[in-house]
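For reference, the structure discussed in these notes is given below.
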Amino acid sequence: MQLKKGARNLNDFAPIFSDESEHPFVLDQLKQLSFYTDCLGKAHWSIPDNVIDRDTAISIIEAAKPLVSSKLHTVEEVELWVKYLGPVWKTDDALKREALKSYFDAMSAKGLLSNKTAFSAFLSI
């Protein structure tokens with residue numbers, strides 16, 4: 001998988017979201033085991049404290065940290081997202097990619113980006 005090599009553009013993340021990907025199932029199972037007491041199989045109780053230890057919990061949190069931002073988005077940023085991405089949200093990837101580029105171009109033009117990433121290269125446009 002490309003992600004092990006280090007994703008360099010949006011296409012490199014595609015395997016995670018593929019219909020054949022096991023990621024959603026594995027993450028859902030991890031969530032179920034981590035947060036809920038449940039009776040599995042023939043009266044086998046799954047209790048989070050007995051299944052997920054401290055080190056595993058810490059590693060899950062550390063893996064999630066890069067995906068979470070404490071940045072609050074302004075009304076203007078959300079309005080731009082709706083303007084550019086809303087009309088193409090349930091369309092093909094090429095249209096979404098172009099809309100995403102337009103969104104970042106608009107964000108940049110308004111001085112709303114904190115860094116100057118080359119979005120065209122990231123989006124493979």
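Just so you know, these numbers come straight off a predicted model, no measurement behind them.
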Atom [atom1] in [X], atom [atom2] in [Y]: separation rounded to 0.5 Å?
X	Y	atom1	atom2	result
L10	K101	CG	NZ	14.0 Å
I60	I52	CD1	CD1	5.5 Å
L112	Y103	CG	OH	8.0 Å

Shortest non-hydrogen contact between T37 and P48, atoms and distance: OG1-CD, 3.6 Å
Can you list every salt bridge (charged side-chain N to carboxylate O under 4.0 Å, His left out) pair that touches residues 67-77, not counting sequence neighbours? K71-E77, E76-K110
Which pairs, with at least one residue in residues 22-33 and sequence neighbours excluded, count as a salt bridge (charged side-chain N to carboxylate O under 4.0 Å, His left out)? D28-K31
Please identify each residue that fulfils side-chain contact (heavy atoms from CB on, under 4.5 Å) with S102, with sequence neighbours left out. Y84
Under 3.5 Å, side-chain donor or acceptor atoms of residues 89-98 against the rest of the protein: list the pairs with distances, not counting sequence neighbours.
unit_1	atom_1	unit_2	atom_2	d
T91	OG1	V88	O	2.5
D92	OD1	A94	N	3.4
D92	OD1	L95	N	2.9
K96	NZ	T91	O	3.4
R97	NH1	N11	OD1	3.1
R97	NH1	L123	O	3.4
R97	NH2	N11	OD1	3.3

Under the 4.5 Å side-chain heavy-atom rule for ILVMFWY, direct or indirect, which residues accompany F35? Y36
If hydrophobic clusters are built from ILVMFWY residues whose side chains come within less than 4.5 Å, do L27 and L33 share one? no
Quick check against the 3.5 Å criterion: does S34 have a side-chain atom that pairs as donor or acceptor with the backbone of L30? yes
Mind checking salt bridge (charged side-chain N to carboxylate O under 4.0 Å, His left out) for K83 and listing every partner two or more places apart, or none if nothing turns up? none
Can you pull the side chain to side chain donor-acceptor pair (under 3.5 Å) pairs that have at least one residue in residues 38-66, sequence neighbours excluded? D53-T56, E62-K65
